[in-house]
S.K.: 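First the structure, then my questions, so here it is.
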Amino acid sequence: MADPKIERKVSILSHESMKVIGESVGLASLPDEASYVLAEDATFRLKLLVQEAVKFMQKAKRRKLSSSDFDFALQDQNVEPLYGLSVPDSIPFRFTSGGGRELHFIEEKDFDLTEMISSPLPKVPLDVALKAHWLCVEGVQPAIPENPPPVDQEEQKVESTRATTHQKPIINPKQDKESEKDRVVTLLNKAKEVAKEVKRTKDILSHELSVEQQLYYKEITEACVGSSEPKRAQALQSLASDSGLYQMLPRFSSFISEGVRVNVVQSNLALLIYLMRMVKALMDNPTLYLEKYLHEIIPAVMTCIVSKQLCLRPDIDNHWALRDFAARLMASICKKFSTSTNNIQARVSKTFDKSLSVEYAPLPTIYGAFAGLSELGPEVIKAIVLPKLKPLSERIKNVRESSLSSNFDKIAAEHLKSLVLKQCSPYLKQARTGPDTPDAYIEDFGSIGSALCNQVQKLRSQPGLTANKPTIQIPPPRQSPLSSGPRTPNSASPVSRTQSGGSRGSMPRSVSVPGGPTTPTGKQTKFIVMSSIPQNSKSSTASVST
């Protein structure tokens, strides 16, 4: 039995402290032997906790022990941590000594009750209340403090170019304390880490849409690809005029890109037309800046131009009108967004030229490439189109005269010939002077030269002659992953409305409108091309051709 009168050197806590703690919990007379044992055990456990807390401090790469480290040590030992003593700085104990004793205490501030009573009372906090305000009034966001300010095109352009601008890091020589050797070692280590990584990807920064925006997106997309033409017209007008669509542009561009990819595989002509109408509506919106999303829009439009097959019945369905409209869309995109930096028009022209130069390319692909190049302007016609007219005319002649050609190839050759006459004749009328002789045209442009010469002469004699509006034969609507319900054909006498509205660039005033598959008599139904209703247009004209 140890002598309780002998002070044990292994103890840090004194036995008097144990007696004081015992008195605080109700033990009035704690034996000396028990106080020594408790002092040793408390010292051991306190040392163990301090050692564990130091480990947490070292893992955090700090040199000052904090109260949070001690709390983690208590949790690691399955002991409930102390509450109310967590402080951001050091532990708030003060040290004092006197009369041969040392004491650590917590400094407490004195408050003057008289001053507290005489001071004015704080303001009563306001009650929680709800306030309603208009998000949108007739498609226009009201300019009130509760609504975010609309982002104009200039700010969108600055934001899009700022992300691609490379800024050199600013190095402060006063803060750069590493030696040259350490800097070289650091760069070498980083180079090794980069070499080990096969592919480094940047995390996608996504933002969530509000509930109202999600509902709007759902309604607009379903209306644009649905079977109701009035809802589709309203949805396209909303896309063309609303000013609050900036945050939803990434969703719309992804919807169009994915929709074209899926429906080209399924040869669903109707939905491809609807998606191109969505692109046209977004292009017509003066508040949207689409340059950041051209990487999805341009491939979708290009696919509708040069794809080999866009419908299940290419010899019956008028997919040529879709190719013409998509070509005019592409010309509008190039006119609006092409700069000397991105070279969009040059890259698009190169793609069309490549499709046109393939020796055994399908005739629909050649038709689309020719239409796309012709819409890019007279300079492109002079540099790319005219030099390829001679081999193109020979292929058209061989397809038309060959007995092995299919009915679809002959139809495609006729459409391609009509396109050549329509697009090249106006340019030749302006570019060529002097008498127009068939022999000179045949020598320059091959077998199609005589038809070109006749067309140019006709244009010279009738300068006011205009081409007929394209019409489109409607394929049967089919179920698509983009639609939200089963397709139902329209009434027996479908009517399409032709809206007169402003156009941008070389874009047409009209878009094809698919409707029901056939009339009650079994004949195919054709519809005049139609555009989304402009905001300032109130007149409309209905026409049907069967």
Side-chain angles (χ1 to χ4, degrees), residues 135-136 138-141 206-285 287-288 290 293 296-297 300-301 303-304 310-311 322 325-326 329 472 474-491 494-497 499 511-517 527 530-535:
L135 293 174
C136 186
E138 294 183 356
V140 180
Q141 176 180 289
S206 60
H207 70 54
E208 299 295 334
L209 296 179
S210 64
V211 177
E212 293 83 1
Q213 289 174 330
Q214 294 178 21
L215 181 61
Y216 176 86
Y217 173 80
K218 179 176 179 292
E219 293 294 334
I220 288 294
T221 52
E222 289 180 359
C224 286
V225 299
S227 58
S228 175
E229 186 58 37
K231 288 185 178 180
R232 183 178 301 109
Q234 294 177 2
L236 293 176
Q237 181 180 355
S238 177
L239 290 178
S241 58
D242 286 353
S243 59
L245 305 180
Y246 174 63
Q247 292 184 341
M248 287 178 282
L249 263 184
R251 271 76 175 181
F252 282 127
S253 62
S254 299
F255 176 81
I256 293 171
S257 176
E258 185 68 15
V260 170
R261 185 184 67 83
V262 171
N263 288 282
V264 163
V265 175
Q266 297 181 356
S267 300
N268 196 331
L269 178 62
L271 285 181
L272 291 175
I273 294 173
Y274 298 153
L275 294 171
M276 290 299 102
R277 292 179 67 184
M278 288 184 65
V279 176
K280 171 67 165 55
L282 293 175
M283 289 282 297
D284 288 342
N285 195 322
T287 64
L288 297 181
L290 302 178
Y293 313 103
E296 292 181 332
I297 294 177
V301 178
T303 300
C304 292
L310 297 175
C311 55
L322 173 60
F325 176 66
L329 264 180
I472 182 168
I474 304 307
R478 300 186 296 111
Q479 182 70 21
S480 169
L482 295 177
S483 60
S484 60
R487 299 282 176 185
T488 57
N490 293 341
S491 57
V495 176
S496 65
R497 299 183 182 272
Q499 301 290 341
V511 179
S512 357
V513 182
F527 292 84
M530 140 182 185
S531 68
S532 58
I533 304 173
Q535 192 172 1

S.K.: Begin with the C-alpha distance, continue with both residues' side-chain angles, and end with the deciding distance and a verdict on side-chain contact (heavy atoms from CB on, under 4.5 Å) for Ile256 and Leu282.
M.R.: CA-CA 11 Å; Ile256 293 171; Leu282 293 175; 3.9 Å; yes
S.K.: Looking at CG of Asp242 and CG of Leu288, how far apart are the two atoms once the value is rounded to the nearest 0.5 Å?
M.R.: 9.0 Å
S.K.: CD of Glu219 to CD of Gln214: how many Å apart, nearest 0.5 Å?
M.R.: 12.5 Å
S.K.: Looking only at heavy atoms, what is the nearest atom pair of Cys304 and Leu310, with distance?
M.R.: O-CD1, 3.4 Å
S.K.: Quick one: does any side-chain atom of Thr221 pair with a main-chain N or O of Lys218 as donor and acceptor, under 3.5 Å?
M.R.: yes
S.K.: Considering residues at least two apart in sequence or located in another chain, which fulfil the side chain to side chain donor-acceptor pair (under 3.5 Å) criterion with Ser257?
M.R.: none
S.K.: With sequence neighbours left out, which residue pairs that include part of residues 216-236 fulfil the ring-ring contact (aromatic ring centres under 6.0 Å, His included) condition?
M.R.: Tyr217-Phe252
S.K.: Give me the atom names and distance for the closest heavy-atom approach of Leu322 to Leu272.
M.R.: CD2-CB, 3.9 Å
S.K.: Would you please name every residue forming a side chain to side chain contact (heavy atoms under 4.5 Å, CB included) with Glu212, sequence neighbours left out?
M.R.: Leu135, Ser210
S.K.: How far does OG of Ser253 sit from CD of Glu258, to the nearest 0.5 angstrom?
M.R.: 11.5 Å
S.K.: So, for Gln247 and Leu209, which heavy atoms are closest and what is the spacing to 0.1 Å?
M.R.: O-CD2, 3.9 Å
S.K.: Would you please name every residue forming a side chain to side chain donor-acceptor pair (under 3.5 Å) with Tyr293, sequence neighbours left out?
M.R.: none
S.K.: Any Lys/Arg nitrogen of Arg251 or Glu296 sitting under 4.0 Å from an Asp/Glu carboxylate oxygen of the other?
M.R.: no
S.K.: Tell me every residue that passes side chain to side chain donor-acceptor pair (under 3.5 Å) with Lys231, counting only those two or more places apart in sequence or in another chain.
M.R.: none
S.K.: Please find the pair of heavy atoms, one from Lys280 and one from Phe325, that lie closest to each other, and give the distance.
M.R.: CB-CZ, 3.8 Å
S.K.: State the CD-CG distance between Gln237 and Asp284, to the nearest 0.5 angstrom.
M.R.: 11.5 Å
S.K.: Report yes or no: does Asn285 contribute a side-chain atom to a donor-acceptor pair with the main-chain N or O of Thr287 at less than 3.5 Å?
M.R.: yes
S.K.: Is there a donor-acceptor pair closer than 3.5 Å between any side-chain N or O of Asn263 and the backbone N or O of Leu269?
M.R.: no
S.K.: If every non-hydrogen atom of Leu239 is compared with every non-hydrogen atom of Cys224, which pair is closest and at what distance?
M.R.: CD1-SG, 4.1 Å
S.K.: Using the rule given for side-chain contact (heavy atoms from CB on, under 4.5 Å), can you reason through Leu249 versus Leu245, listing the C-alpha separation, both sets of side-chain angles and the distance that settles it, and then say yes or no?
M.R.: CA-CA 6 Å; Leu249 263 184; Leu245 305 180; 5.5 Å; no
S.K.: What are the two closest non-hydrogen atoms of Leu329 and Met276, and how far apart are they?
M.R.: CD1-O, 3.6 Å
